[in-house]
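Residue numbers begin at 1 in each chain, while the letters A, B, ... track the order of the sequences.
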Amino acid sequence: MPDWILHLDLDQFIAAVEILRRPELRGRPLVVGGDGDPTKRGVVSTASYEARAFGVHSGQPLRTAARRCPDAVFLPVDRAAYEEASAQVFATLRDSGAVIEPLGWDEAFLAHPALRRVRDPEVFAQEIQRRVRLSTRLDSSVGIGHTKLQAKTATGFGKPRGVFRLTAENWFAVLGDLGTDALWGIGPKTSRKLAELGVHSVRQLATASDVELAQVFGPTTGPWLVRLANGGDESPVTGAPWVPRSAGQEHTFQVDVADWAEVRDEVARMAADVARAALADGRGIARVVVKVRFAPFFTETHGRVLSGDADDETAVVAAAMVALDRFERRKPVRLIGVRAEFRSDDA
DNA sequence: TCTGGGGTCCTAGGACCC
DNA sequence: TCTGGGGTCCTAGGACCC
């Protein structure tokens, strides 16, 4: 029997962290997002299960959430608090002796010697849930599989507070008739494109032709889609520390900005911020990319490569200004962003 | 459903070189 | 000097995820 891989996902993570410090909110519909003002631009980061019952979900505009659930409590996003809770969870997982591969704030793949060749990985999964709850008071769900994709997909069927096992044995029984967007990595666009080819279900995708899909989706993506439908490949859980490829900032204005000088000032300020943070981390910047979202909702990006010897804040800001000058459109601006792409040869 | 902010990876097309 | 073919790099955009 191959080794087991676990995937742990905290239940309604952000909402749960808020409830821990405001116990009076337990059992109430709670929405965390933006700056907590549901009349402003912003989206839902996490809704509590009570709010989800009203049709509120992650990614939804706060205004919509307020309309669907007027009695919900709205709170601003507090990154620092979630990062701290997240670090505690990962520390607990590592203390168990597991190899941990984090996937964002509230998820991780897990491999452990105790999972080698056992018949009942559920016992270990429940022990992990218990430890996380004990040290952080947070509930989680755990998926079990022989591949990361199996484990990750299983977790959703265990929520909340449950454990679910998904292997080649029950993969098609559980997923076969579901739409292709049930798979991790297939979103609405790809799902629709597949449907146009007559591929509607996971089962159909699993037996689709690599060659045909390669023609439509490209040589890498096409065959990968078929592999997904079959439960994924054997990439191992890696404990190697994550090295970011890029870092940046974005900001959506509450009111569209028509004054280009104001846009310039804001881009310069953000570029300086991004450069300072990157250089403080010892990362060299290879390229700066400026993003502008014009009203009503049209996004354009332009970048500028930095010469190898010009790696200071001033050079980064100057490069951002050059990139910004390549935008020709002059419409009201909804969002601006600055992203630094790091050199890969340094840590 | 008037659409955040943090990211990653892949693709297509053009430039450029031999 | 009517126009091949392959490789690589860069750029912008698309799609997806948490």
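Only the C1' atoms considered, dC16(C) is 16 Å distant from dG4(B), to the nearest whole Å.
The CZ-C1' distance, from Arg67(A) to dT1(B), rounds to 8 Å in whole Å. For Glu250(A) and dT3(B), the CD to P distance is 15 Å, given to the nearest whole Å. What separates NZ of Lys148(A) from C1' of dT8(B) is a distance of 14 Å, to the nearest Å. dG6(B) atom P lies 10 Å from atom NE2 of His251(A), rounded to whole Å. Atom CZ in Arg41(A) sits roughly 11 Å away from atom C1' in dG4(B) (whole-Å rounding). As a whole-Å value, the separation of Trp242(A) CH2 from dG6(B) P is 18 Å. The CZ-C1' distance, from Phe13(A) to dG6(B), rounds to 15 Å in whole Å. Per the geometry, OH belonging to Tyr82(A) stands 17 Å off P belonging to dG7(B), to the nearest Å.
By the neighbour-count criterion of 12 heavy atoms within 6.0 Å, atom CD of Glu212(A) is sparsely surrounded, having that number or fewer from other residues, nucleotides or ligands. Counting non-hydrogen atoms of other residues, nucleotides and ligands closer than 6.0 Å to CD of Gln254(A) gives a total above 12. Within a 6.0 Å radius of CZ in Arg304(A), other residues, nucleotides and ligands contribute 12 heavy atoms or fewer.
Heavy atoms of Arg68(A) sit under 4.0 angstrom from primed sugar atoms or phosphate atoms, though from no base atom. If you check every strand for non-hydrogen atoms under 4.0 Å, Gly34(A) touches nothing. As judged by a 4.0 angstrom heavy-atom cut-off over every strand, Pro102(A) is placed among residues making no nucleic acid contact. Nucleic acid contact for Gly248(A): sugar-phosphate only, since backbone atoms but no base atoms lie under 4.0 Å from a heavy atom of the residue. Nucleic acid contact for Leu335(A): sugar-phosphate only, since backbone atoms but no base atoms lie under 4.0 Å from a heavy atom of the residue. Among the heavy atoms of the strands, none lies under 4.0 Å from Trp224(A).
Between Arg339(A) and dG6(B), a side-chain N or O to OP1/OP2 separation shorter than 4.0 Å is absent. A close approach under 4.0 Å does not occur between any side-chain nitrogen or oxygen of Arg79(A) and OP1 or OP2 of dG5(B). At the phosphate of dC2(B), OP1 or OP2 sits under 4.0 Å from a side-chain N or O atom of Thr64(A). A close approach under 4.0 Å does occur between a side-chain nitrogen or oxygen of Ser246(A) and OP1 or OP2 of dT8(B). Arg334(A) has a side-chain polar atom (N or O) that falls below the 4.0 Å cut-off from OP1 or OP2 of dT3(B).
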(request) Quick one, give me the B/S/- string for nucleotides 11-18 of chain C, reading 5' to 3', where B means a protein heavy atom under 4.0 Å from the base and S means that only happens at the primed atoms, P, OP1 or OP2. (result) SSS-SSSS

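Counting only heavy atoms from C-beta on, Phe297(A) has its side chain closest to dG4(B) among dG7(B), dG4(B), dC10(B). Side-chain proximity of Arg63(A) to dT3(B), dC9(B), dG5(B): nearest is dT3(B). In the set dC10(B), dG5(B), dG7(B), the nucleotide with an atom closest to the side chain of Thr220(A) is dC10(B).
Just one of Leu30(A), Asp78(A), Thr46(A) meets the side-chain contact (heavy atoms from CB on, under 4.5 Å) condition when paired with Ile14(A); it is Thr46(A).
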Please list, one pair per line, the donor and acceptor atoms closer than 3.5 Å that link side chains of residues 100-109 of chain A to other protein atoms, with sequence neighbours excluded.
unit_1	atom_1	unit_2	atom_2	d
Glu101(A)	OE1	Lys148(A)	NZ	2.9
Glu101(A)	OE1	Thr238(A)	N	2.8
Glu101(A)	OE2	Lys148(A)	NZ	3.1
Glu107(A)	OE1	His7(A)	NE2	3.0
Glu107(A)	OE1	Lys152(A)	NZ	2.9
Glu107(A)	OE2	Lys152(A)	NZ	3.3

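Secondary-structure stems of DNA chain C, taken as three or more successive Watson-Crick or G-U wobble pairs (i with j, i+1 with j-1) under a 3.5 Å distance threshold, comprise B:5-18 with C:5-18.
For Glu122(A) and Arg165(A), the salt-bridge test passes: some basic side-chain N is under 4.0 Å from an acidic carboxylate O. Using a 4.0 Å cut-off between a side-chain N of Lys or Arg and a carboxylate O of Asp or Glu, Asp325(A) and Arg264(A) qualify as a salt bridge. Ion pair Arg41(A)/Asp35(A) not flagged as a salt bridge, since none of the NZ, NE, NH1 or NH2 atoms sits closer than 4.0 Å to an Asp/Glu carboxylate oxygen.
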(message) Applying side-chain hydrogen bond (donor to acceptor under 3.5 Å, both in side chains) to Thr92(A) and Arg131(A), what does each step give before you reach the verdict?
(response) CA-CA 7 Å; Thr92(A) 302; Arg131(A) 289 193 190 200; over 6 Å; no

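Relative ring orientation between His302(A) and Phe327(A) is described as perpendicular, the plane-to-plane angle rising above 60° on a 0-90° scale split at 30° and 60°.
Between Gln215(A) and Gly42(A), the residue anchored nearer the 5' end of DNA chain B, judged by the nucleotide with its closest heavy atom, is Gly42(A).
For the pair Arg68(A) and Phe54(A), the NZ or CZ position fails the cation-pi test of under 6.0 Å to the six-membered ring centre and within 45 degrees of the ring normal.
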